Amino acid sequence: MEKRAGFVALIGEPNAGKSTLLNRMVGAKVSIVTHKVQTTRARIRGVALEGDAQIVFVDTPGLFRPRRRLDRAMVAAAWGGASDADIVVLLVEAQRGVTDGVEAILQQLAEIGTGRTVALAINKIDRVQSGALLALSKELNDRFAFAETFMISAEKGHGVDDLRRWLAGTLPEGPWLYPEDQIADLPLRMIAAEMTREKLTLRLHQELPYQLTVETEAWEEREDGSARINQVVYVAREGHKGILLGRKGETIKSVGQAARTELENFLGRRVHLFLTVKVRPNWLEEAERYSEMGLEFRDGNA
């Protein structure tokens, strides 16, 4: 059989389940999953194998109305990922249906989706009645000519295998794009930073998670097989630093422990993780921070 390979872009509103679906497809945690919206900042690629096909997933930031430079850069990255892909999969949350956000995505798809393969995946199907699902599927298919429609639960795994098999059979024929054992094309340093940022996002509340970023400053392979990782958490204001550290440093300590445990599970070896918190009032306007997140600084221009 001929080998197949290509890029699949997952698009949808924030919290539609794109990161959860990517992680289930790949079989490992390569994209951060939290209950907060807009947590995926970079186009994270996860690589899944299905028979003779290699499916390279582009997990794009959730599509929403941008307000700040960072928001604009994230939305540009999302549509950039979609326009570069061989197949686009639109994820829609079953219980939310056609929201204003989905409406805006459908309008944009009408412009960029013509002539390309776009599939629909209605997610979180376990939360609604089958009659409502069929009505939603009909409404969406009346609005756009989707190549195929899938009913899935990314969290529980329902319908995910069917979607993966269809993707594998639909991708163009050609040699594989990555080595067989590679599951993501992000550098380990960035995956490590994303894991720490996920723990911070889960621990902290309201606006603060979007006012911080994590960078892996140093990575040292040690003789005993372990890794020493130094990371910096940048915050925008002095007051944020206190929130992040917590009473007697308890918050940052527990975040560090949770991130270290996850990194050890991911890498399969011992990790020594050291976190430092630094105040950089204008990090949201620094080109360097954007390239560290895999985003284009110029995309944030209004």
Side-chain angles (χ1 to χ4, degrees), residues 4 6-22 24-25 31 37-38 40 43 48 50 53 55-66 71 74-172:
R4 292 176 181 271
F7 293 94
V8 174
L10 305 174
I11 65 167
E13 284 188 289
N15 269 6
K18 299 179 299 299
S19 297
T20 305
L21 179 60
L22 172 65
R24 185 167 283 280
M25 286 277 193
S31 188
V37 299
Q38 302 166 28
T40 303
R43 279 177 291 195
E50 177 68 33
I55 311 166
V56 185
F57 288 98
V58 186
D59 175 42
T60 57
L63 291 161
F64 55 97
R65 274 191 217 294
D71 296 345
M74 285 162 67
V75 168
W79 283 117
S83 56
D84 294 343
D86 298 291
I87 302 172
V88 177
V89 179
L90 168 63
L91 250 75
V92 174
E93 233 182 311
Q95 77 272 33
R96 284 167 66 194
V98 183
T99 59
D100 290 348
V102 171
E103 190 75 49
I105 293 169
L106 287 168
Q107 286 171 15
Q108 188 81 5
L109 267 181
E111 291 176 33
I112 73 145
T114 315
R116 64 176 62 239
T117 306
V118 184
L120 170 66
I122 298 177
N123 191 24
K124 305 182 186 179
I125 56 168
D126 47 316
R127 301 186 187 181
V128 296
Q129 299 292 320
S130 56
L133 278 176
L134 293 171
L136 176 60
S137 172
K138 183 179 185 312
E139 183 182 356
L140 287 163
N141 277 279
D142 285 347
R143 298 285 303 280
F144 185 85
F146 291 102
E148 201 69 54
T149 298
F150 296 88
M151 304 287 185
I152 68 166
S153 167
E155 193 179 355
K156 296 195 163 72
H158 306 319
V160 173
D161 290 346
D162 291 340
L163 173 56
R164 187 168 49 222
R165 278 193 290 269
W166 179 81
L167 291 170
T170 309
L171 285 172

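Being a predicted model, the structure only gives us computed values, none of them experimental.
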message = Using modelled atom types and a 3.5 Å cut-off, is there a donor and acceptor pairing between side-chain atoms of R165 and backbone atoms of E50?
response = no
Between NZ on residue K156 and CG on residue D126, distance to nearest 0.5 Å = 4.0 Å
request  = Could you please spell out the steps behind the side chain to side chain contact (heavy atoms under 4.5 Å, CB included) verdict for L163 and V160?
outcome  = CA-CA 5 Å; L163 173 56; V160 173; 5.6 Å; no
query = Do you know the tightest heavy-atom contact between A154 and G17?
reply = CB-O, 4.2 Å
query = For the atom pair OG1 (T170) and CD1 (I87), what is the distance rounded to the nearest 0.5 Å?
reply = 5.0 Å
ask   = Roughly how far, to the nearest 0.5 Å, is CG of N141 from CD of E148?
value = 9.5 Å
query = Less than 4.5 Å apart, any side-chain heavy atom of L120 and any of F150?
reply = no
ask   = Does any donor atom in the side chain of N123 or S153 lie under 3.5 Å from an acceptor atom in the other side chain?
value = no
inquiry  = Salt bridge check, R24 against E155: does any charged N sit closer than 4.0 Å to a carboxylate O?
reply    = no
ask   = Between R164 and I55, is any pair of side-chain heavy atoms under 4.5 Å apart?
value = yes
query = Heavy atoms, side chains only, cut-off 4.5 Å: are M25 and L21 in contact?
reply = yes
query = Do side-chain atoms of R4 reach the backbone of P172 as a donor and acceptor pair under 3.5 angstrom?
reply = no
With a 3.5 Å cut-off and sequence neighbours excluded, list the donor-acceptor pairs that the side chains of residues 88-98 form with protein atoms.
| unit_1 | atom_1 | unit_2 | atom_2 | d |
| --- | --- | --- | --- | --- |
| E93 | OE1 | R96 | NH1 | 2.6 |
| E93 | OE2 | Q95 | NE2 | 3.1 |
| E93 | OE2 | K124 | NZ | 3.0 |
| R96 | NH2 | E13 | OE1 | 3.4 |

Distance-minimising heavy-atom pair for G6 and D86 = CA-OD2, 3.1 Å
task = Working to the nearest 0.5 Å, report the span between CH2 of W166 and OG1 of T149.
result = 9.5 Å
ask   = CZ of F144 to CG of L106: how many Å apart, nearest 0.5 Å?
value = 8.5 Å
message = Side chains of L171 and V8, heavy atoms from C-beta outward: is any pair under 4.5 Å?
response = yes
query = If you measure from NZ on K18 to CD1 on I11, what distance do you get to the nearest 0.5 Å?
reply = 9.0 Å
ask   = So, for A48 and F57, which heavy atoms are closest and what is the spacing to 0.1 Å?
value = CB-CE1, 3.8 Å
ask   = Is M151 close to S137 at the side-chain level, that is, under 4.5 Å between some pair of heavy atoms?
value = yes
ask   = With side chains defined as the heavy atoms from C-beta onward, is the minimum distance between I152 and I122 less than 4.5 Å?
value = no
